[in-house]
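Each remark here refers to the structure printed beneath this line.
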Amino acid sequence: MRALIGLISGVVFGFGLALSGMMDPKRVRGFLDLFGNWDPTLAFVMGGALIVMAIAWRIQARMHRPVTCENFSLPGTKNIDARLLGGSALFGIGWGLAGLCPGPAIASLAANFVPALVFVVAMVAGMALFKLADR
């Protein structure tokens, strides 16, 4: 049951990314180019995502446990520190340069395999490097 819900969630998420244009690096870079030829259409996608998550958080707050697990896997800290800010800055710089972030990159493997694969391999290598450095 858990795997089925995960599969359905992944398919819906990937479909949403494809439908919204989040898998198109040119469109994402156009959204992030505030002082150039700015494309504001992805703001509606992000606003819609915020609304969905706000509803999900309200529902989660009323639940004792997830439907298919014993406990929720939520971050244990709410601190905003230099490590979080540095990681966020690196994420934003990478997103702006490549026009992809992890979810759209993985979804792009189905439609634009080679460029997405280069990004995913670099992303996994960066995660592994961080894991080694964080020991």
Side-chain angles (χ1 to χ4, degrees):
M1 183 64 154
R2 185 175 175 193
L4 179 64
I5 290 173
L7 177 65
I8 292 169
S9 299
V11 168
V12 169
F13 182 62
F15 179 74
L17 291 172
L19 184 66
S20 67
M22 292 291 289
M23 292 169 44
D24 181 358
K26 289 179 191 166
R27 191 165 181 188
V28 171
R29 283 193 296 265
F31 172 70
L32 297 173
D33 187 8
L34 296 176
F35 302 109
N37 191 16
W38 187 50
D39 176 6
T41 55
L42 292 183
F44 294 105
V45 174
M46 294 180 184
L50 286 174
I51 291 169
V52 169
M53 279 311 302
I55 293 168
W57 283 325
R58 301 231 4 152
I59 292 170
Q60 181 268 327
R62 295 177 184 200
M63 296 174 67
H64 297 290
R65 67 180 199 86
V67 175
T68 60
C69 298
E70 291 299 319
N71 299 307
F72 288 103
S73 297
L74 300 174
T77 181
K78 295 180 180 180
N79 295 337
I80 297 174
D81 56 13
R83 187 176 170 158
L84 176 65
L85 293 174
S88 300
L90 281 175
F91 179 90
I93 290 168
W95 192 34
L97 289 174
L100 288 171
C101 61
I106 292 171
S108 292
L109 288 172
N112 201 5
F113 183 73
V114 173
L117 183 63
V118 170
F119 181 90
V120 170
V121 168
M123 177 180 72
V124 171
M127 293 170 143
L129 187 63
F130 173 78
K131 198 104 174 158
L132 285 173
D134 197 42
R135 287 186 178 180

Decide whether L100 and M127 are clustered together by the hydrophobic rule: side chain heavy atoms of Ile, Leu, Val, Met, Phe, Trp, Tyr closer than 4.5 Å, transitively.
-> yes
Going by atom type alone, with no hydrogens or angles, which donor-acceptor pairs under 3.5 Å involve a side-chain atom of residues 66-78 and a protein atom two or more places apart or on another chain?
unit_1: T77; atom_1: OG1; unit_2: N79; atom_2: N; d: 3.1
unit_1: T77; atom_1: OG1; unit_2: N79; atom_2: ND2; d: 3.4

Correct closest heavy-atom pair for G14 and A107 would be CA-CB, 4.4 Å
Sort and list the pairs that fulfil side chain to side chain donor-acceptor pair (under 3.5 Å) and have at least one residue in residues 108-135, not counting sequence neighbours.
-> R83-D134
Only counting residues at least two apart or in another chain, list the ones meeting side chain to side chain contact (heavy atoms under 4.5 Å, CB included) with F113.
-> L109, L117
For L90, which residues count as a side chain to side chain contact (heavy atoms under 4.5 Å, CB included) partner, sequence neighbours excluded?
-> none
Which salt bridge (charged side-chain N to carboxylate O under 4.0 Å, His left out) pairs, counting each pair once, include a residue from residues 8-22, with sequence neighbours left out?
-> none
More than 12 foreign heavy atoms under 6.0 Å from CG of L34: is that the case here?
-> yes
Heavy-atom closest contact (F31 atom, A43 atom, distance) | CE1-N, 3.5 Å
Can you list the residues that meet the side chain to side chain contact (heavy atoms under 4.5 Å, CB included) rule with F13, with sequence neighbours excluded?
-> L17
Side chain to side chain donor-acceptor pair (under 3.5 Å) contacts touching residues 8-37 (sequence neighbours left out) | R27-T41
Report whether F119 and V124 are members of the same hydrophobic cluster (ILVMFWY, side-chain heavy atoms less than 4.5 Å apart, transitive linking).
-> yes
Taken in chain and number order and not counting sequence neighbours, the residues that satisfy side chain to side chain contact (heavy atoms under 4.5 Å, CB included) with V28 are L32, L42, W95
Under the salt bridge (charged side-chain N to carboxylate O under 4.0 Å, His left out) rule, what pairs show up with a residue in residues 100-125, not counting sequence neighbours?
-> none
Which residue pairs pass the salt bridge (charged side-chain N to carboxylate O under 4.0 Å, His left out) test when at least one of the two sits in residues 86-96, sequence neighbours left out?
-> none
Quick note, salt bridge (charged side-chain N to carboxylate O under 4.0 Å, His left out) partners involving residues 44-56, not counting sequence neighbours, are none
Mind checking whether I106 and V114 sit in one hydrophobic cluster, side chains of I, L, V, M, F, W, Y counted as touching below 4.5 Å?
-> yes
I'd like a table of donor-acceptor pairs (distance under 3.5 Å, sequence neighbours excluded) in which one partner is a side-chain atom from residues 49-63, with atom names and distances.
none

Whether over 12 other heavy atoms sit under 6.0 Å from F15 CZ = no
